[in-house]
There are 2 protein chains.
Amino acid sequence: MDRKEQILEIATELIQTRGYSAFSYQDLSDRLGITKASIHHHFPSKAELGLAVAERYFADVTSALGEVKRASDDPWEQLDGYVGQILSIIKTRDRICAAGAVHSEFNVVPESMRDEMCRLAKHIIAWITDVLESGRRAGVMDFPGDPKAEAALIFAAAQGAMQFGRAHGAVKARQILQQIKESLRAK
Amino acid sequence: MDRKEQILEIATELIQTRGYSAFSYQDLSDRLGITKASIHHHFPSKAELGLAVAERYFADVTSALGEVKRASDDPWEQLDGYVGQILSIIKTRDRICAAGAVHSEFNVVPESMRDEMCRLAKHIIAWITDVLESGRRAGVMDFPGDPKAEAALIFAAAQGAMQFGRAHGAVKARQILQQIKESLRAK
DNA sequence: GTCTATAAATGGATAGAC
DNA sequence: GTCTATCCATTTATAGAC
């Protein structure tokens, strides 16, 4: 329906599968069946489109994570909610997290888009930190040192898992996610 | 000296800083002070150059890892050798691991180059697996489950740490690497 | 090995009609 | 909002002289 939304959806997919620098207005044109000029009407420049994708992606991910916390107070169920989001990306095959994609092309992505994806990374890590703190407080999760450091590790590992999984198979990626969980199990 | 080697060195840097799709013969031309045509003389196509970069990178990394194992039998010192390689990439600022870069652009990188970088990833994980097995056997390292799964987790986390560190600062990346080590400490 | 010159394709972007 | 037409820069690549 909404053209703008359609464009954003496909652009997001292209960024997740090909990356920001490797996707073009032509790709969008092919997929949507309208000309490049029409797409420029909705998003005058690629940088503006990139920013819009990032903002939409930020909203989607943060809202889903918020939903996870509203759905349960249990730290393990909350962590599973996060892992579930990663798994759903892995399942699509060919895709990785858009935030991870932008981080890996950091030097060639427009600044406003970068900033938004950095914001998202910080948000996710803060969210995980929160889960880890309540898990430790409840005595159901165990890990060394600062919860923020552990949360950053989990975030980095999850990004790496998606990238690795696309190349070597979803099974490997799931194995990594499973290992993250095992390492948090209280003894 | 050797032009071919000079080209490979700069191409490797460009792939680590900008990615495969975002670097061009023009970039190399600018940096080397010779024309694009001259570079095509050494590497007729971008795909061949990409493959050569991957082969050279594979040789460099595997040889350095081999050196680490020859230098010490201690699992912790060996792990520090791997972490040291990651740290030296992080220190350069702007760079990430070339294997990680190729993994994140997987769908737009020539197949031969992809294959070589996948080989490298497998090699590194096998190398880490080995360290973990001897560490566990000696009772100085502790982790849940399969050493191969833990090694894949460490590899994924290290790749993620470099990408995250370039965007959010080297301190954060070092923190993640430190956390990996803490999580392996025998209790 | 390096150059000039050039090709052919693609990329991001704009003007103006409908 | 979408189109045709067009622009200009960039990209990968080749031919042929020095």
Cation over ring, A/K122 on A/F155, under 6.0 Å and within 45°?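 No cation-pi geometry.
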So is A/K4 actually on top of A/F43's ring, under 6.0 Å and inside 45° of the axis?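 Yes, A/K4 sits over the ring of A/F43.
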Take atom [atom1] of [X] and atom [atom2] of [N], then tell me their distance rounded to the nearest Å.
X: A/F43; N: C/dA13; atom1: CZ; atom2: P; result: 13 Å
X: A/L49; N: C/dG11; atom1: CG; atom2: C1'; result: 14 Å
X: A/L14; N: C/dG11; atom1: CG; atom2: C1'; result: 15 Å
X: A/Q26; N: D/dT10; atom1: CD; atom2: C1'; result: 16 Å
X: A/E48; N: C/dA13; atom1: CD; atom2: C1'; result: 12 Å
X: A/Y25; N: D/dC3; atom1: OH; atom2: P; result: 15 Å
X: B/K46; N: C/dA9; atom1: NZ; atom2: C1'; result: 15 Å
X: B/L28; N: C/dT2; atom1: CG; atom2: C1'; result: 16 Å

Applying ring pair (Phe, Tyr, Trp, His ring centres under 6.0 Å) as the test, list every pair that has at least one member in residues 79-136 of chain A; sequence neighbours left out.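 Every ring pair (Phe, Tyr, Trp, His ring centres under 6.0 Å) pair that includes a residue of residues 79-136 of chain A, provided the two are not neighbours, is A/F58-A/H123, A/H103-B/H168.
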Once you apply a heavy-atom cut-off of 4.0 Å, does A/F23 come out as touching a base, just sugar-phosphate, or nothing?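 Sugar-phosphate contact only.
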Quick one: does any side-chain atom of A/R166 pair with a main-chain N or O of A/D94 as donor and acceptor, under 3.5 Å?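 The answer is yes, because a donor-acceptor pair under 3.5 Å joins these two groups.
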Could you go through B/E9 and B/T12, starting from their C-alpha distance and side-chain angles, then the distance that decides it, and tell me whether this counts as side-chain hydrogen bond (donor to acceptor under 3.5 Å, both in side chains)? CA-CA 5 Å; B/E9 189 170 323; B/T12 303; over 6 Å; no
Minimum heavy-atom separation for A/D142 and A/A186, please, with both atom names.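 For A/D142 versus A/A186, the nearest heavy atoms are CB-CA, 3.7 Å.
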Spacing of CD belonging to A/Q78 relative to CD1 belonging to A/I128, to within rounding of 0.5 Å: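 Atom-to-atom, A/Q78:CD and A/I128:CD1 are 11.5 Å apart.
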B/S24 side chain near D/dT11 phosphate (N/O to OP1/OP2, under 4.0 Å):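 For B/S24, the contact criterion (side-chain N or O under 4.0 Å from OP1 or OP2 of D/dT11) is met.
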Any donor-acceptor pair under 3.5 Å linking the side-chain atoms of B/Q178 with those of B/E182?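 Note: B/E182 and B/Q178 side chains meet the donor-acceptor criterion.
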Classify the side-chain pair B/Q26/B/D30 by whether it contains a donor and acceptor separated by less than 3.5 Å.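 Looking only at side-chain atoms, B/D30 and B/Q26 do form a donor-acceptor pair, the distance falling under 3.5 Å.
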Strand-adjacent residues in residues 106-113 of chain A, judged by heavy atoms under 4.0 Å from DNA chain D: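 Going residue by residue through residues 106-113 of chain A, none turns out to have a heavy atom under 4.0 Å of DNA chain D.
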Going by number, which of residues 33-42 of chain B have a non-hydrogen atom under 4.0 Å from DNA chain C?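 Per residue number, the list reads B/G33, B/I34, B/T35, B/A37, B/S38, B/H41, B/H42.
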